Amino acid sequence: MGDGATTFLGQLASLPTRVWTHHARQILLLRARYDTADVDAALAHAARFGALDVASVERILARCHRPRSLDEYVAEETAKRIDAALGTGVTTPRDLAEYDALPLAARLPVPTEPTDGQDQDPD
């Protein structure tokens with residue numbers, strides 16, 4: 001996630017109770033409804049004020065950040081699937097001389113076909 005999550009989870013793990021893993025799992029579930037950067041900012045805010053429970057983080061997110069729409073969620077999932085299927089290969093640019101050597105439609109003579117004889121001169 002980011003620095004906010006690192007600070008928050010570090011403070012949460014230093015507590016004497018062992019229920020911090022439950023809070024960590026709940027925070028990961030918040031990423032389904034909110035953007036990762038928004039969750040990280042809310043975690044940083046909560047850590048700054050010592051609000052080390054999921055309910056506080058949810059209140060911060062509800063007050064300060066907009067939940068992701070279905071379109072955003074679907075787009076992110078689709079992008080992940082495309083990256084997994086196609087990889088992240090990069091196409092390198094070619095030398096421009098290669099493109100100059102390609103035949104162009106404008107350089108080719110345009111064939112003129114006589115139509116049904118209607119438009120031709122009677123000479």
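Values below: all heavy atoms of this structure, side chains included; hydrogens, waters and symmetry mates excluded. Just so you know, these numbers come straight off a predicted model, no measurement behind them. Sequential numbering from 1 along the given sequence is applied to the chain's residues.
Neither side chain, T78 nor R81, offers a donor N or O lying under 3.5 Å from an acceptor on the other. Looking at D3 and T6, their side chains never bring a donor and an acceptor atom within 3.5 Å of each other.
Hydrophobic clustering (ILVMFWY, side-chain heavy atoms < 4.5 Å, transitive): I60 and V54 are in distinct clusters. Tracing side-chain contacts under 4.5 Å through hydrophobic residues (I, L, V, M, F, W, Y), one reaches L102 starting from L96; they form part of the same cluster.
Across all non-hydrogen atoms, the minimal contact from Y34 to R66 is CD2-O, 3.8 Å. Counting all heavy atoms, side chain and backbone alike, A5 lies closest to D40 at N-OD1, 2.7 Å.
Residues R31 and L28 form a side-chain contact, since some pair of their non-hydrogen atoms from C-beta on lies under 4.5 Å apart. Residues L43 and V57 have side chains in contact (heavy-atom distance under 4.5 Å, counting atoms from C-beta outward).
With hydrogens and angles disregarded, a donor-acceptor distance shorter than 3.5 Å links the side chain of D53 to the backbone of S56. Of the possible polar contacts, none joining the D38 side chain to the H65 backbone as a donor-acceptor pair under 3.5 Å is found.
In this structure, Q26 CD and L30 CG are separated by 7.5 Å, a value rounded to the nearest 0.5 Å.
A salt bridge links E58 with R33: the distance from a Lys NZ or Arg NE/NH1/NH2 to an Asp or Glu carboxylate oxygen falls below 4.0 Å.
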